[in-house]
Amino acid sequence: KGTQTFRATDDVTITVADNVISVTPRGTSKRALQQWGMSRTIVANMVFGVTEGYEKKLEIQGVGYRAQVQVQVLKLNLGYSHDVDFAIPEGITVTTPKPTEVIVEGHNAQQVGQVAANIRDWRRPEPYKGKGIRYKGEYIFAKEGKKK
């Protein structure tokens, strides 16, 4: 209740009053203006993450490749001799509407992107057959195979 003022850095002040957040620079130097823009963007991303949330969609392509969620573990069948068990971190929600689709959701954009990248690293899409885990809508440049 009331007005609260925070000193984010030496160059930026953040004021919260009546559900309005304002970020103001404390000078006109180049550094103060840079910190002002960055601080405003960080606060805007935090508000977006809490209100709407971030998500990344992954597609799995390949014969027999599939995923399923069991409690707090994502089980991936990716053509290895064993299943890959990926522990889902705190604050992240992973769902599999189809066996070949994985949706990673959360409030922190960096954490959502990092978890999606870690899942993708188990089997990156290869350029010859296109098998692997890719982001939804990602284009993989297909190479031509060896000629006789």
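For Glu52, the CD atom is densely surrounded, since the number of other residues' heavy atoms within 6.0 Å is greater than 12. The local environment of CG in Asp121 is crowded, with over 12 non-hydrogen atoms from other residues, nucleotides or ligands closer than 6.0 Å. Under a cut-off of 6.0 angstrom, the local environment of CZ in Phe48 is crowded, with over 12 non-hydrogen atoms contributed by other residues, nucleotides or ligands. Within a 6.0 Å radius of CD in Gln70, other residues, nucleotides and ligands contribute more than 12 heavy atoms.
Between Gly49 and His107, the shortest heavy-atom contact is O-ND1, 2.9 Å. Residue Gly27 comes nearest to Ala32 through the heavy atom pair O-CB, 3.9 Å, listed as atom of the first residue, atom of the second, then distance. Nearest heavy atom pair, residue Val47 against residue Ile21, reads CG2-CD1, 4.2 Å. Across every non-hydrogen atom of Val102 and Ala67, the tightest pair is CG2-CB, 3.8 Å. The minimum heavy-atom distance linking Tyr135 with Glu59 is given by the pair O-OE1, 4.3 Å.
The existence of a salt bridge linking Arg26 and Asp11 is excluded, since no basic side-chain nitrogen approaches an acidic carboxylate oxygen closer than 4.0 Å.
Tracing side-chain contacts under 4.5 Å through hydrophobic residues (I, L, V, M, F, W, Y), one never reaches Ile14 starting from Met46; they form parts of separate clusters. Transitive grouping of hydrophobic side chains (ILVMFWY, heavy atoms separated by less than 4.5 Å) keeps Trp122 and Ile103 in distinct clusters. Under the 4.5 Å side-chain heavy-atom criterion for Ile, Leu, Val, Met, Phe, Trp and Tyr, Ile60 and Ile88 are members of the same hydrophobic cluster. Criterion: ILVMFWY side-chain heavy atoms under 4.5 Å apart, direct or through other members. Under it, Leu78 and Ile140 are not part of a common hydrophobic cluster. Connection of Met38 to Val12 is not established within any shared hydrophobic cluster, with ILVMFWY side chains joined at heavy-atom distances below 4.5 Å, either directly or through further cluster members.
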Margin query: Please determine whether side chain to side chain contact (heavy atoms under 4.5 Å, CB included) holds for the pair Ile133 and Tyr65, giving the CA-CA distance in whole Å, both sets of side-chain angles, and the decisive distance to 0.1 Å.
Written below: CA-CA 9 Å; Ile133 302 173; Tyr65 289 10; over 6 Å; no
Check: Passes side chain to side chain contact (heavy atoms under 4.5 Å, CB included), Arg120 versus Glu138? Steps please.
Finding: CA-CA 12 Å; Arg120 184 177 187 263; Glu138 179 182 13; 2.7 Å; yes
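Note that OG1 of Thr95 is 13.5 Å distant from CD of Gln68, once rounded to the nearest 0.5 Å. To the nearest 0.5 Å, atom CG of residue Asn45 and atom CD of residue Gln110 are 12.0 Å apart. Between atom NZ of residue Lys57 and atom CD of residue Glu105 there is a gap of 8.5 Å, rounded to the nearest 0.5 Å. One finds the CG atom of Leu74 at 12.5 Å from the CD1 atom of Ile92 (value rounded to the nearest 0.5 Å).
Side-chain atoms of Tyr54 do not come within 3.5 Å of backbone N or O of Gln111 as any donor-acceptor pair.
Counting heavy atoms from C-beta on, the side chains of Phe86 and Val115 come closer than 4.5 Å.
For the side-chain hydrogen bond (donor to acceptor under 3.5 Å, both in side chains) test with Gln61, the passing option among Arg134, Lys131, Arg123 is Arg134; the others fail.
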